[in-house]
Amino acid sequence: INNVPESPIKHMIFSWEGILVVLFILVNIFCKGFSEYYNLENLLRQMPVYLAEVFLMIPMAYILVLGEIDISVGATVCLSATLSCMMCNTGAPFIVVILTALMGTVCGAVNGFILTQFEELPPMIVTLATQIIFRGIAEIVLGSGGSISASNTDGFRLIGGKVGKIPYILFLVLIL
């Protein structure tokens with residue numbers, strides 16, 4: 001019985017990725033049956049509302065699929081947004097604001113460096129520690145319980161709905 005070759009189609013459908021795709025299709029069919037407003041046009045119209053969560057979700061899903069966990073994501077986003085809003089409010093050029101927003105990449109690199117250099121440390125403990133550090137830096141910058149908002153949003157308006165000259169919908173399709 002062990003010598004019977006397994007069908008590649010059967011293996012593909014019954015892998016966890018295949019089951020995930022089947023569940024995605026079934027959920028969409030199920031939702032379509034309950035609402036006439038559930039269609040591609042409305043989904044694309046609502047995409048900017050959920051775009052930030054999607055950009056956070058995709059890397060987190062990758063990390064979770066690898067069997068690890070990163071609980072410092074919220075603090076990383078908070079620190080990155082705080083610093084980029086501060087740069088935006090000082091009247092810095094928009095490219096400087098974008099480069100400051102990439103502080104989240106530096107925070108992720110710090111996590112990755114610590115985890116690769118000290119393999120005996122559990123990822124949950126390392127990311128918990130960096131979460132406390134990143135949130136603490138943002139708290140020091142903002143003050144106790146403070147908040148900040150961007151006042152100079154000209155650069156964001158310039159690229160709103162586009163990535164360069166490419167509309168964001170086409171950009172997302174190219175990325176996928």
Side-chain angles (χ1 to χ4, degrees), residues 16-17 20-21 23-24 27 43-164 166-176:
W16 75 268
E17 296 95 346
L20 188 65
V21 169
L23 280 174
F24 178 74
V27 164
L43 186 66
L44 292 176
R45 185 180 304 124
Q46 291 297 318
M47 187 178 289
V49 175
Y50 303 109
L51 203 55
E53 287 85 0
V54 169
F55 281 128
L56 288 174
M57 179 196 65
I58 290 173
M60 283 304 297
Y62 179 70
I63 290 169
L64 291 174
V65 165
L66 290 176
E68 302 295 335
I69 190 164
D70 184 357
I71 55 178
S72 68
V73 174
T76 302
V77 170
C78 175
L79 179 62
S80 178
T82 299
L83 294 178
S84 60
C85 277
M86 288 181 65
M87 279 293 150
C88 193
N89 291 343
T90 61
F94 188 64
I95 189 71
V96 174
V97 174
I98 295 295
L99 291 175
T100 307
L102 292 176
M103 184 63 168
T105 306
V106 174
C107 295
V110 167
N111 279 339
F113 177 77
I114 293 171
L115 288 172
T116 56
Q117 294 302 314
F118 304 99
E119 294 178 11
E120 65 275 4
L121 293 174
M124 185 173 180
I125 300 302
V126 171
T127 58
L128 177 65
T130 56
Q131 174 193 12
I132 293 169
I133 292 168
F134 300 153
R135 184 68 72 169
I137 293 170
E139 186 77 19
I140 288 170
V141 169
L142 290 175
S144 180
S147 66
I148 191 169
S149 61
S151 60
N152 181 12
T153 58
D154 295 337
F156 294 107
R157 271 195 221 103
L158 183 67
I159 65 167
K162 298 179 185 177
V163 176
I166 303 171
Y168 67 89
I169 300 295
L170 181 61
F171 181 73
L172 287 176
V173 170
L174 290 175
I175 288 175
L176 293 175

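What you are looking at is a predicted structure, and each value in this text was computed from that prediction instead of being measured.
The OG1 atom of T82 sits 9.5 Å away from atom CD of E139, with the distance rounded to the nearest 0.5 Å. Put simply, CD1 on I71 and OG1 on T127 are 4.0 Å apart, with the number rounded to the nearest 0.5 Å. Atom CG of residue L83 and atom CG of residue L142 lie 8.5 Å apart, to the nearest 0.5 angstrom. Going from atom CD1 of I133 over to atom CG of N111 covers 9.0 Å, rounded to the nearest 0.5 Å. Within the model, atoms CD1 of I69 and CD1 of I125 stand 10.5 Å from one another, a figure rounded to the nearest 0.5 Å.
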Take C78 and R135 through the test side-chain contact (heavy atoms from CB on, under 4.5 Å) and record every step on the way to the result.
CA-CA 7 Å; C78 175; R135 184 68 72 169; 3.4 Å; yes
Run the numbers on L128 and Q131 for side-chain contact (heavy atoms from CB on, under 4.5 Å), then give the verdict.
CA-CA 5 Å; L128 177 65; Q131 174 193 12; 3.6 Å; yes
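The heavy-atom pair separating V97 from A92 by the smallest distance is CG2-O, 4.2 Å. Between L115 and L121, the shortest heavy-atom distance links the atoms CD2-O, 4.2 Å. Here the shortest heavy-atom pairing between S72 and T76 reads O-OG1, 2.8 Å. Contact record, C107 with L79: SG-CD2, 3.8 Å, taken as the closest heavy-atom pair.
In this structure, the side chain of S80 engages the main chain of A101 through a donor-acceptor pair within 3.5 Å.
At most 12 heavy atoms of other shown residues, nucleotides or ligands fall within 6.0 angstrom of atom CD in E119.
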